[in-house]
Amino acid sequence: MDGTLPVEDTWTVAGRRFRSRLIVGTGKYKDLEETAAAIEASGAEIVTVAVRRVNLSDPKAPMLQDYVDPKKYTYLPNTAGCHTANDAVRTLRLAREAGGWNLVKLEVLGPPPLLYPDMPGTFEAAQALIKDGFEVMVYCADDPLAAKRLEEMGCVAIMPLGAPIGSGLGIQNPAMICMMMEQVTVPFLVDAGVGTASDAAIALELGCDAVLLNSAIALAKDPVRMARAMKLAVEAGRLAHLAGRMPRRMGADPSSPLTGLIR
Amino acid sequence: MQTVITVMLNGETRALDGPLTVSGLLSTLGLEGRKVAVECNEAIVPRSRYAETWLASGDSLEIVHFIGGG
């Protein structure tokens with residue numbers, strides 16, 4: 001009883017068990033060395049990766065796999081940049097061919113500047129991917145009906161935004177996040193919007209199974225230090241959730257006894 | 001017999017010496033053995049079929065790999 005996280009405090013998605021409740025992206029870093037150092041410091045076991053055309057004029061350029069070992073980290077290919085269901089499905093079929101993974105992150109995005117989840121496109125892509133044998137972790141709007149429907153379709157994790165991708169605004173919708181969470185039984189993550197460590201802690205305090213972020217680490221002045229901060233914040237948030245917060249009250253309740261006061 | 005095959009490769013028109021398979025193309029590009037995936041006319045070309053998949057003029061090819069992303 002020392003208050004630490006129990007060893008058995010793990011979460012499971014699509015039959016794979018993880019101890020870290022932090023999933024990190026691998027984009028926007030200065031270089032691949034910094035990417036590797038930040039991911040190491042974050043303690044993450046799952047990393048998201050993008051699928052892009054090979055630069056044919058420089059085929060020997062260093063590759064992500066040389067720095068972030070796919071045997072050590074679970075690669076979670078994403079569909080970032082896809083604005084149609086068809087593009088997302090093609091992208092993930094290529095990802096599966098490149099790496100053999102069927103656990104994927106689906107995101108079908110609306111236009112800039114919000115890149116808000118395009119839910120009709122997301123439903124269409126999710127259906128095609130599930131039919132094709134993929135295990136789909138899905139980025140979605142903070143819409144409880146959509147969450148329920150995505151779970152019923154067979155998505156293995158529901159991942160609403162806390163704020164627009166890359167905005168760093170923090171979790172703007174905690175009440176809706178909680179309401180959505182009550183609708184689903186599969187793992188539930190906040191994906192997008194986290195700006196700093198306290199935001200990540202809030203996601204876990206609310207009861208999310210994990211949190212997914214990229215820019216908050218990569219765009220920090222010192223990404224490796226922020227990665228460590230995120231690791232600690234996620235642990236702190238999880239502990240606070242397990243501990244159970246005190247009730248909020250509208251008014252004061254003194255912490256010191258009212259008896260024995262000098263007169 | 002040498003022929004020229006004109007394909008769309010990662011969005012750019014390329015004239016290649018044929019006949020050529022996907023295997024041959026990857027080795028011409030210096031991508032042999034790299035962890036890439038290939039799509040031809042919006043259909044995946046499985047790794048096991050690189051050597052027997054012949055390219056034809058007008059084919060549209062995508063060769064992709066993993067990069068950093070969120």
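Chain letters run A, B, ... following the sequence lines, proteins first and then strands; every chain starts at 1.
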Q. If you count the non-hydrogen atoms of other residues, nucleotides and ligands that lie under 6.0 Å from CD in Q127(A), is the total more than 12?
A. no
Q: Inspect the surroundings of NZ in K30(A) and state if more than 12 heavy atoms from other residues, nucleotides or ligands are less than 6.0 Å away.
A: no
Q) Looking at F66(B) versus W101(A), is the centre-to-centre ring distance below 6.0 Å? A) yes
(Q) So for I44(B), is it side chain, backbone, both, or neither that comes closer than 4.5 Å to the heavy atoms of chain A? (A) side chain
Q) Is chain B contacted by the side chain of Y29(A), its backbone, both, or neither, given a heavy-atom distance below 4.5 Å? A) neither
As an exercise: rank [options] by heavy-atom pairs under 4.5 Å with chain B and give me the winner.
options                         : result
N214(A), V47(A), V54(A), L32(A) : V54(A)
K105(A), Q65(A), K28(A)         : Q65(A)
L64(A), I23(A), T48(A)          : T48(A)
L56(A), L213(A), D191(A)        : L56(A)

Q. Restricting to pairs with a member in residues 58-70 of chain B, which pass salt bridge (Lys or Arg N to Asp or Glu O under 4.0 Å), not counting sequence neighbours?
A. R53(A)-E62(B)
(Q) Less than 3.5 Å apart, any donor N or O on the side chain of N55(A) or S57(A) sitting next to an acceptor on the other? (A) yes
